[in-house]
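Below is one structure, written out as structure tokens; the observations come after it.
In what follows, every heavy atom counts, from backbone to side chain, and hydrogens, waters and symmetry copies are set aside. So you know, we letter chains A, B, ... as the sequences are listed, proteins then strands, and number each from 1.
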Amino acid sequence: MKDMFQAVFPGLMLMWVCFIANGVFADIFEEYRGHTISRLLAGGVTLWEVLLSKMFRCLAICWICELLLIVFTWIVFGVGWRHPVMLFVVLTSFNIFLMGILALIYGYSRSTELANAITVFVFLFAAVLGGSFMPFNELPKVLQAAGRWTMIRMGNYGMESLFQSRAIWESLGPSLYLTAAGAVLALAGTRVLRRRFESGRIA
Amino acid sequence: MKTIWTLVKKDLLRDARHPWGLIVFMIIPMLTAVIISLVFSPRGDIRKNIQIDLAVLDRDDDLLSGVLRSVAGQGQAAENLRLHLVETEAEGVRLVEKRKASAFVVLPENLTVDLLDNKPTSLTLYKNPAEAILPRIVEEGLLVVCIGVSEALGLLQPQIKGIRDMMERDEMPSSLEVAQIGSSSIERLKTVEPYLFPPLVQFKTIDAADYVPTPRVDEPVAVEDPNS
């Protein structure tokens, strides 16, 4: 059972971290509607700082959840997590990409409900193709070819490489891609969000 | 940067006061992974649980067909194989159609005599189309038995013929006759002993973690030149 758990759990963990991040990210709009952000702005804090703080908070919660899940599964299920530093790099790159894609989706969606629906669709799609529900190698070749490009597969592949003690580059390659793409998406998403908050177009 | 840190700290402290939503979200992947692992993990007791129902029509009812039937009742085969002896072909086919048997084998008339006379003969196998794996196991098993019986007959044909003749007689065979057959059988078996005891090709299952890759055959191997 342990081998199967170890094969399936990382993908499931990444999928649920996506949903946790989604819930935390949506809080920005709750705070906007509750005028918390207006009060902060009145206190001299810039909108840029507010948005960055929310993204860092989201990043921190993802880290905490991942850390708790890793420690718990290591102690209770004996999952052989290896190379803590590389694991941190892989998960951080995944979290950065997650922040980026959330910022972009919430920035461009007309309402938080629409953003919520889009993120659920995107995350579930990425989870199915990325091997969260079944071992990736068991998927048909066509789905594997598409799933290889999903964030969940890239993060999962990084962890799989660590489990199997592959060369560091194998887990570092997808992580670098995720970090670079995530940084670009986060930058673009934050700019869009800032413009929306400044214009007051929040449904 | 200090302002951002202050804002993050404030939010995280607020989250820490109400952690239950996050905890529930964290339990879900673990529960899902446990369920998936329980469902799809290979089970240790599966070897014992496999039960193949095999219908057999024995039209030969002689020495070899009796041996074949008794093989099915010994060792590992006895745990995993359940024989249903039928009287007619229609009865066997009906068992397959009713999904009470995974396969149906017909042992033809004069099987033993034909084999001892070196005449080719054939077994008939009906596979249950509603099942995928178990009929295939029967087919592969039967193929192995056919090869085994053919090779054994090639090796021990005179001795088996002798045993059969002894069984057909009404009187008890003499001790000398039995000893002769026994002794000649051992002599014949000694010729194949280096290949069969233990077998040259063996099947062994090991854990993936214990697997040590061996170099491929086509990989260059340093060979010393005997002339140098």
Atom CG of A:D27 and atom CG of B:D11: how far apart are they, to the nearest 0.5 Å? 8.0 Å

Can you confirm whether more than 12 heavy atoms, excluding those of A:R166, are under 6.0 Å from its CZ atom? yes

Indicate the atoms forming the closest heavy-atom contact of A:C65 with B:L22, along with that distance. SG-CD2, 4.4 Å

I'd like to know whether CZ of A:F163 has more than 12 heavy-atom contacts from other residues, nucleotides or ligands below 6.0 angstrom. yes

Evaluate the criterion side chain to side chain contact (heavy atoms under 4.5 Å, CB included) for residue pair B:D15 and A:R57; output intermediate values, then yes/no. CA-CA 10 Å; B:D15 291 327; A:R57 171 209 175 198; 2.8 Å; yes

Let me confirm one number: the CE-CE distance from A:M13 to B:M30, rounded to the nearest 0.5 Å. 11.0 Å

Residue pair B:I36 / A:L12, side-chain heavy-atom distance below 4.5 Å: yes

Is it the case that over 12 heavy atoms from other parts of the model lie below 6.0 angstrom from the CD1 atom of B:I133? no

Give a yes or no on whether B:K9 atom NZ has more than 12 heavy-atom contacts from other residues, nucleotides or ligands under 6.0 Å away. no

Please find the pair of heavy atoms, one from A:V8 and one from B:A33, that lie closest to each other, and give the distance. CG1-CA, 4.4 Å

Interface residues of residues 139-157 of chain A facing chain B - heavy atom cut-off under 4.5 Å: none

Partner chain B: residue of A:T73, A:L52, A:V45, A:I61 with the largest heavy-atom pair count (under 4.5 Å): A:I61

For A:F72, which atoms come within 4.5 Å of any heavy atom of chain B: side chain, backbone, both, or neither? side chain

Within a 6.0 Å radius of atom CD on A:Q164, are there more than 12 heavy atoms belonging to other residues, nucleotides or ligands? yes

Charged N-O contact under 4.0 Å between B:R14 and A:E31: yes

Looking at A:I20, A:V17, A:L69, A:L40, which makes the most heavy-atom pairs under 4.5 Å with chain B? A:L69

Taking atom CH2 of A:W16 and atom CD1 of B:I27, what is their separation to the nearest 0.5 Å? 11.5 Å

Kindly check if the number of other-residue, nucleotide or ligand heavy atoms within 6.0 Å of OH (A:Y177) is above 12? no

Within-4.5 Å side-chain heavy-atom neighbours: B:V34 and A:F77: yes

Count the heavy atoms belonging to other residues, nucleotides or ligands that lie under 6.0 Å from CD of B:E91, then report whether that count exceeds 12. yes

Heavy-atom distance under 4.5 Å to chain A: side chain of B:T3, backbone, both or neither? side chain

